[in-house]
J.: 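Okay, handing you the structure first.
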Amino acid sequence: MLTLAAIEDAAEIVYRSMRPTPQYAWPLLAEAVGRPVHVKHENHTPTGAFKVRGGLVMLQDFAAHAPRGAGVVSATRGNHGQSLAFAARRFGLGCTIVVPHGNSREKNAAMRAFGAELIEHGEDFDAARAHAAELADERGLTLVPSFHVDLVRGVATYGMEFLRAVPELDVVYVPIGLGSGICGMISARDALGLKTRIVGVVSERADAYARSLESGQLEDTDSANTFADGMAVRCPSEAALAVIRAGAEDIVRVSDDQIADAIRLAFRTTHTVTEGAGAAALAALLADKPRGSHPGVVFTGQNIDTEWMHQVLGGKTPTV
């Protein structure tokens with residue numbers, strides 16, 4: 001369990017590189033939902049996604065103890081890699097990122113622009129993750145996982161901001177990739193001593209965490225073919241699942257069509273761009289049974305490819 005002091009210490013690191021992100025109650029969105037809803041805009045960070053917070057916290061500690069010329073390696077579908085590349089450049093570290101073939105061209109370009117060496121390998125995130133581990137051994141790099149307590153500590157700062165700013169929220173919907181985002185929200189809720197219910201959101205095409213929560217044991221899926229690439233995970237983290245099981249009320253599945261509808265609604269009511277995973281919390285709120293009078297949703301990222309955004313705004317659901 002993370003203490004409030006640990007999260008506040010992480011916030012000091014994060015705020016050296018970015019400001020707290022805003023949370024707004026948009027009136028048009030409230031009309032569409034049927035009750036007030038606050039949005040936490042993690043799509044307004046320097047990398048366009050919440051994960052930059054975890055990268056900054058984890059790599060500062062690593063850089064303080066690493067030898068000169070040290071480097072890190074990790075796997076990603078985009079936002080975790082941008083986070084590490086952004087933080088590595090800030091702290092003078094090398095950064096190698098592995099992505100699966102067919103990954104978002106624009107996310108790939110962003111990672112390179114932040115200074116990462118980009119390698120394409122495998123058909124999905126989990127194959128890329130295995131190759132990143134191999135590269136760590138071959139090149140003498142430090143492997144940074146996509147789920148780690150220091151990543152969660154950094155990410156928990158957004159939960160602390162949100163719940164301090166709007167303590168009356170009775171339920172918050174959070175998308176799940178490998179799990180740092182929801183675990184950060186759970187940690188912040190517990191550290192602040194609140195009773196806010198937290199509902200995780202997964203794609204119905206990548207629902208390993210929902211299956212695992214329902215069965216009581218880790219369950220992988222054979223594929224994760226959703227255009228919401230931030231949630232396209234086949235193999236859940238045992239550590240993340242333990243936190244989710246202890247601290248989340250439920251996990252809701254959403255379809256790609258529902259996610260596309262939520263992207264359109266977010267754009268129409270807030271004039272905010274969200275990626276697939278970034279709109280998943282709103283999709284779940286719209287599809288779920290009523291759980292409270294004052295919900296919150298987290299727009300975790302905005303890094304959707306231009307081609308897919310054109311399809312969504314044209315009324316289509318992107319295919320993968």
Side-chain angles (χ1 to χ4, degrees), residues 1-23 40-74 76 78-97 110-111 113-116 141-165 174 177-194 230 237 239-240 243 298-303:
M1 178 180 293
L2 293 175
T3 65
L4 186 58
I7 300 172
E8 289 175 332
D9 286 346
E12 290 186 11
I13 298 170
V14 171
Y15 297 157
R16 293 171 199 159
S17 299
M18 58 173 277
R19 295 177 182 272
T21 58
Q23 43 277 314
K40 180 60 170 171
H41 282 283
E42 286 298 283
N43 52 338
H44 292 173
T45 74
T47 64
F50 76 102
K51 285 182 178 285
V52 67
R53 298 171 182 266
L56 286 165
V57 171
M58 188 164 193
L59 291 198
Q60 175 179 275
D61 182 67
F62 175 73
H65 301 94
R68 181 175 232 172
V72 297
V73 62
S74 192
T76 188
N79 290 335
H80 175 60
Q82 289 181 68
S83 163
L84 293 182
F86 179 90
R89 172 175 280 180
R90 182 170 181 83
F91 299 128
L93 301 168
C95 181
T96 302
I97 298 296
M111 285 182 274
F114 283 126
L141 301 171
T142 296
L143 178 66
V144 178
S146 297
F147 186 88
H148 186 276
V149 64
D150 286 336
L151 296 176
V152 174
R153 188 163 66 95
V155 167
T157 61
Y158 91 78
M160 181 179 69
E161 291 170 11
F162 198 16
L163 296 175
R164 275 182 167 167
V174 185
L178 202 55
S180 65
I182 189 171
C183 291
M185 182 63 75
I186 290 169
S187 298
R189 187 269 317 271
D190 292 349
L192 290 168
L194 299 174
S237 159
V243 175
V298 185
F299 285 1
T300 52
Q302 67 178 10
N303 299 314

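Only this structure's heavy atoms are used, side chains among them; waters, hydrogens and symmetry mates stay out.
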J.: Partners of E161 by side chain to side chain donor-acceptor pair (under 3.5 Å), sequence neighbours excluded?
T.: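 Testing E161 for side chain to side chain donor-acceptor pair (under 3.5 Å), a comparison that skips the adjacent residues, returns Y15, K40, R53.
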J.: Could you check whether any side-chain heavy atom of T142 comes within less than 4.5 Å of a side-chain heavy atom of V73, counting everything from C-beta outward?
T.: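 Heavy-atom side-chain distance check fails, nothing below 4.5 Å.
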J.: Distance alone, cut at 3.5 Å: any donor-acceptor contact between the side chains of Q60 and R90?
T.: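 There is no such pair (donor and acceptor under 3.5 Å, judged by atom type) between the side chains of Q60 and R90.
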J.: Roughly how far, to the nearest 0.5 Å, is the CZ atom of R189 from the CG atom of L194?
T.: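 Here the rounded value is 8.5 Å.
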J.: Could you grab the distance from atom CG of N303 to atom OG1 of T47, nearest 0.5 Å is fine?
T.: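 The OG1 atom of T47 is 6.5 Å from CG of N303, to the nearest 0.5 Å.
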J.: Testing the basics here: between V155 and S180, what is the closest heavy-atom pair and its distance to 0.1 Å?
T.: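 In this case the closest contact between V155 and S180 is CG1-O, 3.6 Å.
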J.: Please name the pair of heavy atoms, one in A88 and one in G94, separated by the smallest distance, quoted to 0.1 Å.
T.: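 Heavy-atom minimum between the residues: CB-O, 4.4 Å.
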J.: Please determine whether side-chain contact (heavy atoms from CB on, under 4.5 Å) holds for the pair R16 and L56, giving the CA-CA distance in whole Å, both sets of side-chain angles, and the decisive distance to 0.1 Å.
T.: CA-CA 9 Å; R16 293 171 199 159; L56 286 165; over 6 Å; no
J.: What I'd like to find out is whether the side chain of V57 reaches to under 4.5 Å of the side chain of L151, using heavy atoms alone.
T.: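 No, too far: nothing below the 4.5 Å cut-off.
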J.: Tell me every residue that passes side-chain contact (heavy atoms from CB on, under 4.5 Å) with I97, counting only those two or more places apart in sequence or in another chain.
T.: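 side-chain contact (heavy atoms from CB on, under 4.5 Å) check on I97 returns S74, T76, L84, C95, V99, M111, A116, L118.
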J.: Is the closest side-chain heavy-atom distance between M185 and V298 below 4.5 Å?
T.: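 When only atoms from C-beta onward are counted, V298 and M185 do touch, with a gap below 4.5 Å.
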J.: Say you draw a straight line from CG of D190 to CG of L4; how long is it, rounded to the nearest 0.5 Å?
T.: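 Those atoms lie 11.5 Å apart.
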J.: To check you understand the geometry: which heavy-atom pair defines the closest contact between F62 and G71, and what is its length?
T.: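 So the two residues come closest at CZ-O, 4.3 Å.
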J.: Say whether, by atom type as modelled, one donor and one acceptor occur between the side chain of Y158 and the main chain of H41 under 3.5 angstrom.
T.: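 No.
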J.: Under a plain distance cut-off of 3.5 Å, with no hydrogens placed, do E42 and T300 share a side-chain donor-acceptor pair?
T.: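 No, no side-chain donor-acceptor pair sits under 3.5 Å.
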J.: Quick one: CD1 on I13 to CG on D61, what's the gap to the nearest 0.5 Å?
T.: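 Between I13 CD1 and D61 CG, I get 8.0 Å after rounding to 0.5 Å.
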J.: Under the salt bridge (charged side-chain N to carboxylate O under 4.0 Å, His left out) rule, collect the residues that match up with R89, sequence neighbours excluded.
T.: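 None.
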J.: Write down the atom of F50, the atom of G181, and the distance for their closest heavy-atom approach.
T.: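 Scanning both residues completely, I find the closest heavy atoms to be CE1-CA, 3.6 Å.
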J.: Between V149 and L2, is there a side-chain heavy-atom distance shorter than 4.5 Å?
T.: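 Yes, close enough: below the 4.5 Å cut-off.
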J.: To check you understand the geometry: which heavy-atom pair defines the closest contact between F91 and A63, and what is its length?
T.: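 Scanning both residues completely, I find the closest heavy atoms to be CB-CB, 3.7 Å.
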J.: Hey, what do you get for NE2 (H80) to CZ (F147), rounding to the nearest 0.5 Å?
T.: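 Interatomic distance, H80 NE2 to F147 CZ, rounded to 0.5 Å: 12.0 Å.
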J.: Applying salt bridge (charged side-chain N to carboxylate O under 4.0 Å, His left out) to E12 and R153, what does each step give before you reach the verdict?
T.: CA-CA 12 Å; E12 290 186 11; R153 188 163 66 95; over 6 Å; no
J.: Kindly determine whether L59 and V72 satisfy side-chain contact (heavy atoms from CB on, under 4.5 Å), including the steps that lead there.
T.: CA-CA 9 Å; L59 291 198; V72 297; 4.1 Å; yes
J.: Roughly how far, to the nearest 0.5 Å, is CZ of F162 from CG of L192?
T.: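 Taking CG in L192 and CZ in F162, the distance rounds to 13.0 Å.
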J.: Is there a donor-acceptor pair under 3.5 Å between the side chain of S83 and the backbone N or O of K51?
T.: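 Judged by distance alone, yes, a pair lies under 3.5 Å.
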J.: Can you see which heavy atom on A156 is nearest to which on A188, and at what distance?
T.: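 So the two residues come closest at O-CB, 3.7 Å.
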J.: Spell out, as yes or no, whether a donor-acceptor pair under 3.5 Å connects the side chain of H148 to the backbone of V144.
T.: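 No.
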